[in-house]
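Below: the structure, in structure tokens.
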Amino acid sequence: MVQTSDVVQFQDKANFIWQVADDILFGPFMHNEFRDVVLPFVVLRRLDCTYIDGIRQRVRQDYATFKDDLPEADLDLLLLDVTDGLGFYNTSEFDLKRLADNEAALEENFKFYIQSYSSNVRDILQNFQLDQVVAKLLKNNLLKRLIEMFVEIDLHPSVVSNHDMGYIYEHLLYKFNQFTGETAGHHYTPREVIRLMCNLIFAEHGNELQGRGIIRKIFDPACGSGGMITIAKDHILNHINDQATIQLYGQELNEQTYAVSKSDFLVTGENPENIREGNSFTNDRFKGETFRYMLCNPPFGVNWKSEKAFIDEEAQNPAGRFSVGTPRINDGALLFLQHMISKMEPNGSRIAIIFNGSPLFTGEAGSGESNIRRWLIENDMLEAIVALPDQMFYNTGINTYIWLVTNQKPPHREGKVQLINGVSHFRKMRKSLGDKRKELSPEHIQELTQLYTAFEESKEVKIFNDEEFGYWRITVERPLRLNFQVSEERLRRLREERSWISLVESKKKDAAKRQEDIEAGRQEQAQYLAVLKALDGTKLYKDRAIFLKDLKREAKAQGVKFPAPILKAMISALGERDETAEICKDKDGNPEPDPELRDYENVPLTDDVEAYMAREVLPHVPDAWVDESKTKIGYEIPFTRHFYEYVPPRPLGEIEAEIRDLEEEIRGMLEEVL
């Protein structure tokens, strides 16, 4: 297990690369361009260290012998065969040091060197747009110096393992991220957090990995540099079964990070074809495939507007990945979870995914987020959530959570969800990395794992039945009560109603015809006012039905008919809310609800709505009722509330004494100044 001192060592390597690059590149290249230069040269140096001279000689010998006689595809297979499983080759006589030693021919030799790589490496390097980078380096006479700098660093896999390279890559990415907003929302996962995720995924399921002939697949749909799946494989081989065959798969959107991950798979003997480029939502490169284990740290709060049309269309398909709902447009994290669930094996898969706090509670009943939580919990797939300390990630200090999701819970966990509050399990780092000021020690990882496996309630662990996270979202209505009066004040309100004003407006372009419309409208207004003023202006009606009866009787007597918009405007302007008035009823005799008195209540699914109303609402507002047509089921996970501990305020005397002490201190300071 990598200790803090090891992390510092890899951080030092990354800092060395950054510092030397800064010394060489800054000026011709801005800091936000360093990523385009440094990453491809890290990859080239990694390949260069792996491709030792013995293999180089065998490849060149066979290449010279067969290049004119074999088709390109056959020649490629032949040359790969002599690399002892390395998986790539270079047919030139150069390595980076030899290139730097011949400065006069550096441009020509470097291009020849790149073109001499096997096609799989050339495909990787194309994602870096290396031609443009090299052209700018040559223009500024920097290529030789940069190569010489990288030659000083030994990145051979025996010196720097795959997941150790992950530290270097991701620390460099963190440095790049300080100068560009391109990776906003992406939070590179600390290795100790990944190890905790692995512990949680495998802690109770190690037996299924025991024995001979075990083959398992691990997948990450937002794999970055491949660190999560690589560490998961190491965990299985080092702690569970070193004879198991573990196949790694990942998809990555960013072309440079994809190239980094694929190149490291190539160097370390993994299958580079299992790392694929593209958007996991709109271009699923593993469509129809399933995986036993999945890990992911999707970007937080990233907008998915550009993929909305595609995702919405798939959401309409009952068999689609997003059919149960989609989250709000400015945070697509839950889409990744839905995508991963679609790739579960029927006989059981396990998922560990990192979220911020938003997926726990964002969205009311009936919203996309709530429906996703409902689907997840009602299908008994949510196993546990572990709250991590804040300040754990390189470029965000927010609180984060590990969700464990499975389609085959152990019997003792069926119908249950375990919440673990791990916010106090950390140690302060000796030197912070951006926003990362805390880390998990091996002891903290073990403590949190034991809390998970013990499956017992304590101060830091709560266990709930699935339905305890659900609630009825009920609409509580109260009756509309209005009084009416045809007073001058209320008639002034009528004249301000939009329907009333529109009577004396016209859209006709001809001035004469427009004036005719306006005059006709004024006559209508005069007719309506005549009806209203015929009523007793001092009378206060406490019953809308009686007021309307008198109004319509007078209108009939004067031969006037009120259009529906005008009648609605009269009711709005002449009526006022009055708790002592009679209830307004619809044509069926049912009470009409008052929108201004409408309220909403969340009633736990474990409670009875009628009993809740009788207990919590009706004693205060006896005339209230529930509009059952608007009732919705929602799910939320109020994690913080379940672990909230009340801290009583300090005694008033103690606070007053502290204030007096501060006043005395300030007075003394002022006297010294004066």
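In this text the structure is predicted, and so the values were computed from the model without any measurement.
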I'd like to know if [X] and [Y] make a salt bridge, using a cut-off of under 4.0 Å between side-chain N and carboxylate O.
X	Y	result
K262	E277	no
R373	E636	no
R292	E345	yes
E447	R427	no
K233	E270	yes

inquiry  = On the six-membered ring of Y452, is R413 placed so that its NZ or CZ lies under 6.0 angstrom from the centre and within 45° of the ring axis?
reply    =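 Judged by the rule (NZ or CZ under 6.0 Å from the ring centre, within 45° of its axis), R413 counts as positioned above Y452.
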
inquiry  = Both conditions, 6.0 Å and 45 degrees, for the charged tip of K438 above the ring of F426: are they met here?
reply    =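 Checked: cation-pi criterion met.
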
Indicate yes or no: at least one non-hydrogen side-chain atom of [X] is less than 4.5 angstrom from one of [Y].
X	Y	answer
N356	N399	no
W304	P327	yes
Q251	R285	yes
V260	F128	yes
R195	N199	no

inquiry  = Before you tell me yes or no, could you show the steps for E252 and R276 under salt bridge (charged side-chain N to carboxylate O under 4.0 Å, His left out), namely the whole-Å CA-CA distance, both residues' side-chain angles and the distance that decides it to 0.1 Å?
reply    = CA-CA 7 Å; E252 172 59 26; R276 300 172 191 174; over 6 Å; no

request  = Go through F355 and F300 one step at a time and tell me if the ring-ring contact (aromatic ring centres under 6.0 Å, His included) criterion holds.
outcome  = CA-CA 7 Å; F355 286 143; F300 303 157; 8.0 Å; no

query = Who pairs with D76 by side-chain hydrogen bond (donor to acceptor under 3.5 Å, both in side chains), at least two apart in sequence or on another chain?
reply =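 By the side-chain hydrogen bond (donor to acceptor under 3.5 Å, both in side chains) rule, D76 matches Y89.
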
key: Nearest-0.5 Å distance that lies between atom SG in C198 and atom CZ in R191   =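 If I round to the nearest 0.5 Å, the distance is 10.5 Å.
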
key: Where L419 and H642 come nearest, the two heavy atoms and their spacing   =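 Nearest heavy atoms, L419 then H642: CD1-CD2, 3.9 Å.
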
query = Okay, side chain of Q243, backbone of G211: is any donor-acceptor separation there less than 3.5 Å?
reply =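 Not a single qualifying donor-acceptor pair exists.
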
query = Does K462 reach the main-chain N or O of V417 with its side chain, forming a donor-acceptor pair under 3.5 Å?
reply =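 No, because the side chain of K462 does not come within donor-acceptor range (under 3.5 Å) of the backbone of V417.
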
query = Can the ring centroids of F281 and F310 be said to lie less than 6.0 angstrom from one another?
reply =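 Ring-ring flag for F281/F310: false, centres at least 6.0 Å apart.
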
query = Hey, which of F265, F291, Y293, F219 is the one that makes ring-ring contact (aromatic ring centres under 6.0 Å, His included) with Y249?
reply =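 One option only clears the test, and that one is F291.
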
key: Evaluation steps, side chain to side chain contact (heavy atoms under 4.5 Å, CB included), between I214 and R216   = CA-CA 7 Å; I214 295 294; R216 294 289 184 268; 4.0 Å; yes

request  = Verify salt bridge (charged side-chain N to carboxylate O under 4.0 Å, His left out) between R328 and D331, making sure each step is shown before the conclusion.
outcome  = CA-CA 6 Å; R328 62 193 58 203; D331 189 355; over 6 Å; no

key: D466 and K416: CA distance, side-chain angles, deciding distance, salt bridge (charged side-chain N to carboxylate O under 4.0 Å, His left out) verdict   = CA-CA 5 Å; D466 287 346; K416 307 285 185 181; over 6 Å; no

